There are 2 protein chains.
Amino acid sequence: MKTVEYLLSFNIKPSVQRIAVMDYLLTHKTHPNIDEIYSALNKTMPTLSKTTIYNTLRLFVEHGAALMLTIDDKYACFDGDIHPHAHFLCSKCNKIYDLPLSEDFLERSMQGVDEYKVDEVALYYRGTCPNCLKKEKLNKN
Amino acid sequence: MKTVEYLLSFNIKPSVQRIAVMDYLLTHKTHPNIDEIYSALNKTMPTLSKTTIYNTLRLFVEHGAALMLTIDDKYACFDGDIHPHAHFLCSKCNKIYDLPLSEDFLERSMQGVDEYKVDEVALYYRGTCPNCLKKEKLNKN
DNA sequence: GTACGTGCAAAGAATTTGCAGATAA
DNA sequence: TTATCTGCAAATTCTTTGCACGTAC
């Protein structure tokens, strides 16, 4: 599906800027923060402002077209993949990794929250990623 | 256990300020943010500074004596209860609720992260709490 | 033409830093 | 004494706001 139609499917008017931001999110699965998106897009769209990035991402989240991750307490990160999945933040390299979330996980996890109306579930892991674990081993030898 | 001994068990030197902050965390299960802790303790300790609250909480988290919650993107909240449990943030009243985490949840959730070294797991829910749901119903009738 | 979108500059707010004085072993 | 802790003030950084201009239907 083209990005324009994708935005429309979330009832978001596709402006040039919004298309650019969504395109970036859909092609960069790095869970970028505002600054990364801004820096990247600014190269080809010099007039693009950070305010617009803020506005756009807030709009995306409100319309369910993107996820805001609060796994990093420094700044918010954004994810264009809205399918349920978990996230792992490596405290060494600060990368965020996607992890699968088993089908029955959500159902089971809901058992304790009967009386609550749940809009969103986030499962965050923090620790050391395989890459950094490997590096640590090499440095020890 | 007295708070002094509790802090010592985490290898934290118990100063007057640290005891006060930990006492507050252990007796107020409201997942307070920095400002709440500061405002509350400032009444009885007028010289206590916000910087010290920041320093103290960072120390607690580093030593595993408290949890930092990133469920609210506005500011960090802190939890003196370090036993594994989930959190629910009500988007209406902004209260954070504790929820049980079934014993086998953690084991099962770890199955996808074999190659990772997991230090911390956080399960966050967002939505509407029972109290606010009740209020909404009343307002509709 | 009217509503909506964009972007600059300024404001606001949370957190960190530098450093000097206070405290404790 | 000597290292550690505290707290003020300033700096830094992320995010929001106000407002005027641009754009699109």
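Order of the sequence lines fixes the chain letters, A, B, ..., with proteins taken first and strands second; residue numbering starts at 1 for each chain. Only this structure's heavy atoms are used, side chains among them; waters, hydrogens and symmetry mates stay out. If you're wondering where the values come from, they're calculated on a predicted model, not measured in any experiment.
Rounded to a whole Å, the CG atom of A:N42 is 15 Å from the P atom of C:dT6. Between the CE atom of B:M68 and the C1' atom of C:dT15 there is a distance of 11 Å, given to the nearest Å. Between B:D35 atom CG and C:dA13 atom C1' the separation is 10 Å, expressed in whole Å. Between B:Y38 atom OH and D:dC8 atom P there is a gap of 7 Å when expressed in whole angstrom units. Note: CG (B:L41) to C1' (D:dT6) measures 15 Å, nearest angstrom. A:K50 places its NZ atom 16 Å from the C1' atom of D:dT17, with the value rounded to the nearest Å. Between A:I53 atom CD1 and C:dG5 atom P the separation is 16 Å, expressed in whole Å. For the pair B:M22 CE and D:dC5 P, the computed distance is 15 Å after rounding to whole Å.
In this structure, of D:dT15, C:dG7, C:dA14, it is C:dA14 that holds the atom nearest to the side chain of B:Y75. Closest to the A:N55 side chain, of the nucleotides C:dT16, C:dT6, D:dT15, is C:dT6. Each of C:dT15, C:dG7, D:dT6 was ranked by its minimum atom distance to the side chain of B:A76; first place goes to C:dT15.
With sequence neighbours left out, the ring pair (Phe, Tyr, Trp, His ring centres under 6.0 Å) criterion links A:F10 to A:Y6.
Looking only at atom types and distance, the side chain of A:H83 has no donor-acceptor partner in the side chain of A:H85 under 3.5 Å away. For the residue pair A:N11 and A:H63, no side-chain donor N or O sits within less than 3.5 Å of a side-chain acceptor on the partner.
The nearest heavy atom of DNA chain D to B:T56 and to B:K74 marks one nucleotide each, and the one closer to the 5' end goes with B:T56.
Taking only side-chain nitrogens and oxygens, A:S49 never comes nearer than 4.0 Å to OP1 or OP2 of C:dT6. Contact between the side-chain N/O atoms of B:T51 and the OP1/OP2 oxygens of C:dT17 is not found at any separation under 4.0 Å. In this model, the phosphate group of C:dT16 is not approached by any side-chain N or O of B:Y54 to a distance below 4.0 Å at OP1 or OP2.
Put simply, the side chain of A:F60 does not reach to within 4.5 Å of the side chain of A:L67, judged on heavy atoms. Looking at B:T70 and A:R126, their side chains come closer than 4.5 Å, going by heavy atoms from C-beta outward.
Judged by distance alone, the side chain of B:R18 and the main-chain N or O of B:V4 form no donor-acceptor pair under 3.5 Å.
DNA chain D lies under 4.0 Å from at least one heavy atom of each of the following residues of residues 12-21 of chain B: B:K13, B:S15, B:Q17, B:R18.
Taking 4.0 Å as the cut-off between side-chain N and carboxylate O, A:D35 and A:K50 count as a salt-bridged pair.
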